[in-house]
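I have placed the structure first, in the form of structure tokens, so that the comments after it can refer back to it.
First the proteins, then the strands, lettered A, B, ... as listed; each starts at 1. This structure is a prediction, so every number in the text was calculated from the model and none was measured. Heavy atoms only: backbone and side chains are in, while hydrogens, waters and symmetry mates are out.
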Number of protein chains: 2
Amino acid sequence: MLSRLVTLRKSRKWSMQETADRLEIAKSTYAGYEYGYREPSLQALSDIADLFETSVDHILGRSEQSLELTKSIDEESISLTLDGVSLSNEELIDFIAFTRIKRELSKKETFIKKEA
Amino acid sequence: MLSRLVTLRKSRKWSMQETADRLEIAKSTYAGYEYGYREPSLQALSDIADLFETSVDHILGRSEQSLELTKSIDEESISLTLDGVSLSNEELIDFIAFTRIKRELSKKETFIKKEA
DNA sequence: CAAAAATGTGCGCGAATCGAAAACATATAT
DNA sequence: ATATATGTTTTCGATTCGCGCACATTTTTG
């Protein structure tokens, strides 16, 4: 269930002990999570996500969320940031237009090439 | 901990019973989640997120995720889609450049205006 | 309006499982 | 080679999960 923990921990070069310490739980408890014979409480799960600076969904290995840009306008689901500054609706709208046009153009290019 | 459940359920106009049925659990079990005196297992939590077509993080009320665009290049965290088509790295890179430049320009504009 | 059905709310219990301590195995460092 | 750190498993008391059941409240139906 929590198979991604191993990767997350090792990419940080932390031992189980160190990870457990940071989470303020016993190493055997943490080990239980990694080995899969224990499940953390929701609070612990949340703490783990915070520690690894990732989402709970990612830790749970849930089918990676795909964020549809057109839907994220005016919705408070996920906020996008660039260089730490959150993306304004205007920037998002510009981007959508920008990319749609680029996609249209690349279609036409292909079409022309085929014709030639 | 799971205070968002009420909203999610009611926005669908489901009774507790109906929700529990869809989740294939007892209504008293589901009620426990909503009232906050019970926590679902990770599997149940995941099922709930699926049922409500939302993320576990959202259900847990975790500080809304912000996705840093520069970090999402080459990372398998969340995939962005536009009009149902997933965003290529190239499109993302272009957008980052595009927006950075726009931001730079708007700074300068302000500067010029101040000078004038 | 009254009866019936559905829904919400809470209790109690057996079963499941949590979290930690401890012991042991294995690896790393001195 | 010995000590120290890390990984892994077992054990156990305490917690709490999930459900059935009962009752209150609301909604539906005739």
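The salt bridge (charged side-chain N to carboxylate O under 4.0 Å, His left out) check on A:D83 picks up B:R100, with sequence neighbours excluded. Checked against side chain to side chain donor-acceptor pair (under 3.5 Å), A:R103 has the following partners two or more places apart in sequence or in another chain: B:E91. Scored by the side chain to side chain donor-acceptor pair (under 3.5 Å) test, A:T70 finds A:E68 as partners (sequence neighbours excluded). Legend: residues meeting ring-ring contact (aromatic ring centres under 6.0 Å, His included) with A:Y30, ordered by chain and number and at least two apart, are absent.
Nucleotide D:dC17 holds its C1' atom 12 Å from the CG atom of A:L42, rounded to whole Å. What separates CD of A:Q43 from C1' of D:dT15 is a distance of 16 Å, to the nearest Å. The nearest whole Å value for the distance from the CD atom in B:E39 to the C1' atom in C:dA16 is 15 Å. The distance from atom CD of B:E34 to atom P of C:dT7 is 14 Å, rounded to the nearest whole Å. Across the protein-nucleic acid pair, B:Q17 atom CD and D:dT26 atom P stand 18 Å apart, rounded to whole Å. Here the P atom of nucleotide D:dT27 and the CD atom of B:E18 are 16 Å apart, to the nearest Å. Between the CG atom of B:D21 and the P atom of C:dA6 there is a distance of 12 Å, rounded to whole Å. In this entry the distance linking CE of B:M16 with P of D:dT26 reads 14 Å, nearest Å.
Considering CZ of B:R22 and CD of B:Q17, their distance stands at 12.0 Å, rounded to 0.5 Å. Rounding to the nearest 0.5 Å places CD1 of A:I96 at 12.0 Å from CD1 of A:I101.
The aromatic ring centres of A:F98 and B:F95 sit 6.0 Å or more apart.
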field: Sugar-phosphate or base contact per nucleotide [nucleotides 25-30 of chain C; S, B, -; heavy atom under 4.0 Å]
entry: ------
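Side chain of A:D57 to main chain of B:V56: a donor-acceptor pair is present (N/O by atom type, distance under 3.5 Å, no hydrogens or angles).
Nearest to the side-chain atoms of B:S41 among the listed nucleotides C:dG19, D:dG18, C:dG10 stands D:dG18.
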So which protein nitrogen or oxygen atoms get under 3.5 Å of nucleotides 20-23 of chain C's nitrogens or oxygens?
from: C:dA20; atom 1: OP2; to: A:A26; atom 2: N; distance (Å): 3.1
from: C:dA20; atom 1: OP2; to: A:T29; atom 2: OG1; distance (Å): 2.9
from: C:dA20; atom 1: N7; to: A:S28; atom 2: OG; distance (Å): 3.2
from: C:dA21; atom 1: N7; to: A:S28; atom 2: OG; distance (Å): 3.4
from: C:dA21; atom 1: N6; to: A:S28; atom 2: OG; distance (Å): 3.2

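Under 3.5 Å, the side chains of A:T29 and A:R38 contain no donor-acceptor pair of N or O atoms.
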